[in-house]
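What follows is one structure encoded as structure tokens, with my remarks underneath.
Treat the numbers as computed from the prediction; the structure is a model and nothing was measured.
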Amino acid sequence: QSGTHVASPYHFLDSGPVLEGCPLSLFVGPGVVVDVRGRGPRDAIKWADLESCAPALGPGVVLALRTGWSDEHYGTDHYFDHPYLDADACSKLLALGVRTFLIDCINLDETVLDAGAAPTFPCHDQIARAEGIISENVTNLGAIDFENPLLYLLPIRLGGDADGAPCRAVALQLVS
């Protein structure tokens, strides 16, 4: 679960499907890239930040959250203070039918670094229960400068009971 990767429901839910058990349709789909750059350290990405794109969201859509955080802070002390998806916003996205989420940060949820605090993963948990896919540490979302990208999150085939895998994330512009 490092570098650009995908996580199956089994990563957070013992009864969830392993990577090999997930439909391939979860790894390819029309993309909606939402620019949520400008967030401060540990700012939540709320439904109000995403609501305007709701008409484009639904089953089969791959939602890409472009925070710009990795571009600006990779390798610094601030890297783990990234913005994250709010649990209420995640619920609303799941209700619209979104099952594939990607972000250009190390974690879709807030990263807890305090050794005495119990980390929570509300979005990971919700998405796992909906049998969705999460992709993290995606790079170069700024290179998608065209409308309606087709997004591929192609995991390395590991077999067995793998809960995730490194992946190649690709955006294609379909030309008619």
Side-chain angles (χ1 to χ4, degrees), residues 1 4-13 16-17 22-23 25-74 78-114 117-142 144 147-151 153 163-164 167 169 171:
Q1 305 292 337
T4 301
H5 66 278
V6 293
S8 75
Y10 184 62
H11 185 56
F12 270 81
L13 188 64
C22 294
S25 59
L26 288 172
F27 302 97
V28 178
V32 173
V33 180
V34 182
D35 190 339
V36 291
R37 288 177 296 166
R39 299 295 182 284
R42 299 189 178 276
D43 278 350
I45 301 165
K46 304 271 189 178
W47 176 245
D49 303 315
L50 307 170
E51 191 170 13
S52 65
C53 71
L57 299 174
V61 169
V62 177
L63 175 64
L65 299 173
R66 181 183 179 206
T67 69
W69 198 261
S70 292
D71 294 338
E72 297 174 24
H73 300 286
Y74 181 77
H78 299 290
Y79 185 61
F80 295 99
D81 295 328
H82 58 85
Y84 61 94
L85 184 60
D86 174 71
D88 181 60
C90 185
S91 290
K92 288 178 169 59
L93 293 163
L94 288 166
L96 290 171
V98 176
R99 293 295 181 269
T100 306
F101 297 74
L102 69 88
I103 193 165
D104 61 352
C105 297
I106 193 168
N107 193 346
L108 187 66
D109 284 301
E110 184 175 17
T111 298
V112 177
L113 297 176
D114 180 357
T120 62
F121 298 93
C123 293
H124 279 76
D125 184 61
Q126 289 180 60
I127 294 166
R129 292 181 189 287
E131 296 193 351
I133 295 294
I134 297 171
S135 183
E136 296 161 325
N137 277 330
V138 177
T139 61
N140 298 321
L141 289 178
I144 305 173
E147 296 291 320
N148 305 314
L150 182 60
L151 297 181
L153 304 167
D163 66 344
C167 78

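How far CG of Asp81 is from CG of Leu113: 6.5 Å, rounded to the nearest 0.5 Å. The CG atom of Leu13 sits 12.5 Å away from the CD atom of Gln126 when rounded to the nearest 0.5 Å. Between the CD1 atom of Ile45 and the CG atom of Asp86 there is a distance of 9.5 Å, given to the nearest 0.5 Å. The structure places CG of Leu151 at 9.5 Å from CG of Leu63, a figure rounded to the nearest 0.5 Å. Distance check, rounded to the nearest 0.5 Å: CG of Asp109 to SG of Cys90 gives 7.5 Å. The structure places CZ of Phe101 at 4.0 Å from CD1 of Ile127, a figure rounded to the nearest 0.5 Å.
In this structure the side chain of Leu141 never reaches within 4.5 angstrom of the side chain of Asp71, judged on heavy atoms.
Glu131 contributes no side-chain N or O that, together with a main-chain N or O of Pro17, makes up a donor-acceptor pair within less than 3.5 Å. Counting only distance, with no hydrogens or angles, the side chain of Thr100 and the backbone of Leu26 share a donor-acceptor pair below 3.5 Å. In this structure, the side chain of Asp104 engages the main chain of Thr67 through a donor-acceptor pair within 3.5 Å. Of the possible polar contacts, one joining the Ser135 side chain to the His5 backbone as a donor-acceptor pair under 3.5 Å is found.
Below 30°, between 30° and 60°, or above 60°: for Tyr74 and Tyr79 the angle between ring planes is above 60°, a perpendicular geometry. Ring planes of Phe121 and His124: perpendicular class, angle over 60° (limits at 30 and 60°).
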Criterion side-chain contact (heavy atoms from CB on, under 4.5 Å) on Phe27 and Cys22, from CA distance to verdict: CA-CA 9 Å; Phe27 302 97; Cys22 294; 3.9 Å; yes
Trace of the side-chain contact (heavy atoms from CB on, under 4.5 Å) decision for Trp47 with Leu93: CA-CA 9 Å; Trp47 176 245; Leu93 293 163; 3.8 Å; yes
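Checking Arg37, Arg39, Arg66 one by one against Asp49, the salt bridge (charged side-chain N to carboxylate O under 4.0 Å, His left out) holds for a single residue, Arg39.
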